[in-house]
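Have a look at the structure below, then the notes.
What you are looking at is a predicted structure, and each value in this text was computed from that prediction instead of being measured. Note that ligands are numbered from 1 as they come in the structure, with each ligand's atoms numbered from 1 the same way.
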Amino acid sequence: MNELQLPKGFLLGSATSATQIEGGDTNNSWYKWCQTPGHINDNTSCYRAADHWNQYRDDIQIMKDLHHDLYRMGLEWSRIEPEQGKYNEAAIAHYRDEISFLLQNGIKPLVTLHHFTNPIWFDDLGGWENSQAVELFRKYTEYVVSELGDLVNDWITINEPNVFLIYGYVRGTWPPGKTDIFAMFKAMRHIVAAHIQSYREIHRIRSKRNYPGKTLVGVAHHLRIFDPEDGKWRNQLPAKSIQYIFQDLFLKSMATGKFSFPLGMGGHPLGRGKYYDFLGINYYSRDLVSFKFDPTIMFGELKVKENVPVNDLGWEIYPEGLYRLCRKYYAQYQAPIYITENGICDTEDTQRSLFIYEHLRQIVRLCNEGIPVERYYHWTLLDNFEWSEGESGRFGLVANDFETQKRTIRQSGRFYSEICAKKAVTQEMIAKYLSNS
Ligand code: IFM
């Protein structure tokens with residue numbers, strides 16, 4: 001195993017989302033969803049989560065101990081705007097304090113406005129299928145950026161819109177629990193428009209108020225590799241169409257404002273533009289695609305390659321995929337790349353260190369080839385509420401005991417901490433952390 005040297009100026013940290021760690025909020029769509037038995041595999045609820053709402057100062061101390069430069073955090077819209085148009089000053093003050101404490105500790109925040117959850121009042125109005133959603137999200141953005149924009153330069157408007165829409169509107173396994181592709185495209189049009197309006201709003205407010213620092217706004221896109229199971233054209237076709245519908249359509253529309261088919265007819269209803277300052281990539285795994293005569297799955301069945309390493313959830317561990325995706329999308333979008341998520345569900349912590357090493361190796365390879373990957377946010381800081389998996393999906397650098405809310409840094413967390421401090425993986429670290437890999 002070779003040493004790794006990360007490029008000069010490269011920044012590292014971790015990512016979380018509000019609903020997955022904060023706990024204590026009853027006003028969001030996922031809280032409601034958790035109330036129905038069967039929705040969450042282990043019957044836990046995001047109401048408990050990791051109690052970060054109360055423990056955020058201790059958690060920031062852990063980030064500091066882990067030598068983080070960066071932290072990607074989410075805001076809970078339903079706490080900030082518990083009723084339509086009524087803002088909760090205590091909630092925004094809480095986030096101000098959290099962000100100020102990060103800054104005092106030398107950790108740069110990247111703030112996500114929407115990460116899979118809606119306020120219940122917003123869903124009651126029809127959620128993302130309602131055309132008013134765009135204006136409602138713009139107003140929420142306006143409020144948040146007016147209140148926090150002096151402290152925060154870096155923003156993500158919406159996390160993984162493709163995953164949110166496909167699970168919520170096609171598979172029906174996440175709120176709002178629909179299996180209606182037309183509803184999905186309707187909601188998608190509004191999400192794309194909401195991103196564009198929010199992108200403009202963040203720039204407008206920060207520039208009008210002369211807030212310090214360069215404003216950087218993007219989307220955290222969940223990108224996957226879809227490889228045909230073999231070279232047969234009948235498998236290649238569905239692999240391409242799934243890739244288009246799952247990720248290329250979202251990326252293009254949100255990045256440029258072009259509403260391509262089936263989202264629209266190729267025009268730019270909100271104006272042609274460049275609505276991203278960086279390319280946020282959340283990368284986890286690859287799927288193999290084989291033809292199946294079933295239009296509801298776009299004629300492609302997704303499989304995991306045989307005899308390959310997988311995580312606890314059965315997802316293939318495929319670091320080369322990160323390299324392939326960054327190359328491909330950089331060629332198209334030409335912006336600095338932030339790996340806004342990358343991580344592994346690994347309860348026993350037997351694979352995480354090697355996973356981190358292998359993915360960073362691909363990043364070094366990309367940087368050596370001139371692709372500007374500038375930041376890496378590991379998913380995730382601590383064990384959290386992993387949506388349908390509940391508390392059983394353990395992605396944390398730090399283990400969390402949900403009964404006692406006691407944090408324990410995993411061995412992989414210590415490895416990552418040394419990487420963050422040294423911006424390198426040395427032979428000593430390989431011997432210490434990767435010798436059993
Ligand atoms: O936990 C999620 C996160 O909320 C979005 N990206 C994928 C992660 C792991 O499933």
Less than 4.0 angstrom from a charged side-chain N to a carboxylate O is my criterion; do Arg48 and Glu403 meet it? yes

Start with the C-alpha distance between Glu301 and Asp294, add both sets of side-chain angles, then the distance that settles side chain to side chain contact (heavy atoms under 4.5 Å, CB included), and finish with yes or no. CA-CA 9 Å; Glu301 191 173 31; Asp294 181 351; over 6 Å; no

Given Phe116, Phe164, Tyr284, which has its nearest heavy atom closest to atom 8 (C) of ligand 1? Tyr284

For atom 2 (C) of ligand 1, what is the nearest protein heavy atom, given as residue, atom name and distance? Glu386 OE1, 3.6 Å

N/O of Trp315 under 3.5 Å from N/O of ligand 1, yes or no? no

Can you tell me the protein heavy atom closest to atom 6 (N) of ligand 1 and the distance? Glu341 OE1, 2.5 Å

Below the 3.5 angstrom mark, is there an N/O of Asn159, backbone or side chain, next to an N/O of ligand 1? no

Charged N to carboxylate O under 4.0 angstrom, Glu83 versus Lys86? yes

Using the rule side-chain contact (heavy atoms from CB on, under 4.5 Å), only one of Leu110, Ile202, Thr112 pairs with Trp155; which is it? Ile202

For ligand 1, which atoms sit closer than 4.0 Å to a heavy atom of Trp387? 1 (O), 2 (C), 3 (C), 4 (O)

Give a yes-or-no answer on whether the side chains of Glu22 and Tyr56 include a donor-acceptor pair shorter than 3.5 Å. no

Going by the atom numbers of ligand 1, which of them fall below 4.0 Å from some non-hydrogen atom of His115? 3 (C), 4 (O), 5 (C)

Under the side-chain contact (heavy atoms from CB on, under 4.5 Å) test against Tyr338, which residue among Leu279, Val373, Leu216 passes? Leu216

Given that the side chain starts at C-beta and the backbone is N, CA, C, O, which of these parts of His222 lies under 4.0 Å from ligand 1, counting heavy atoms, or is it both or neither? neither

Any N/O of Trp379 closer than 3.5 Å to an N/O of ligand 1? yes

Within a distance under 4.0 Å of any heavy atom of Gln20, pick out the atoms of ligand 1 and give their elements. 1 (O), 3 (C), 4 (O)

Geometric cation-pi criterion, Arg171 with Tyr167: 6.0 Å, 45°: yes

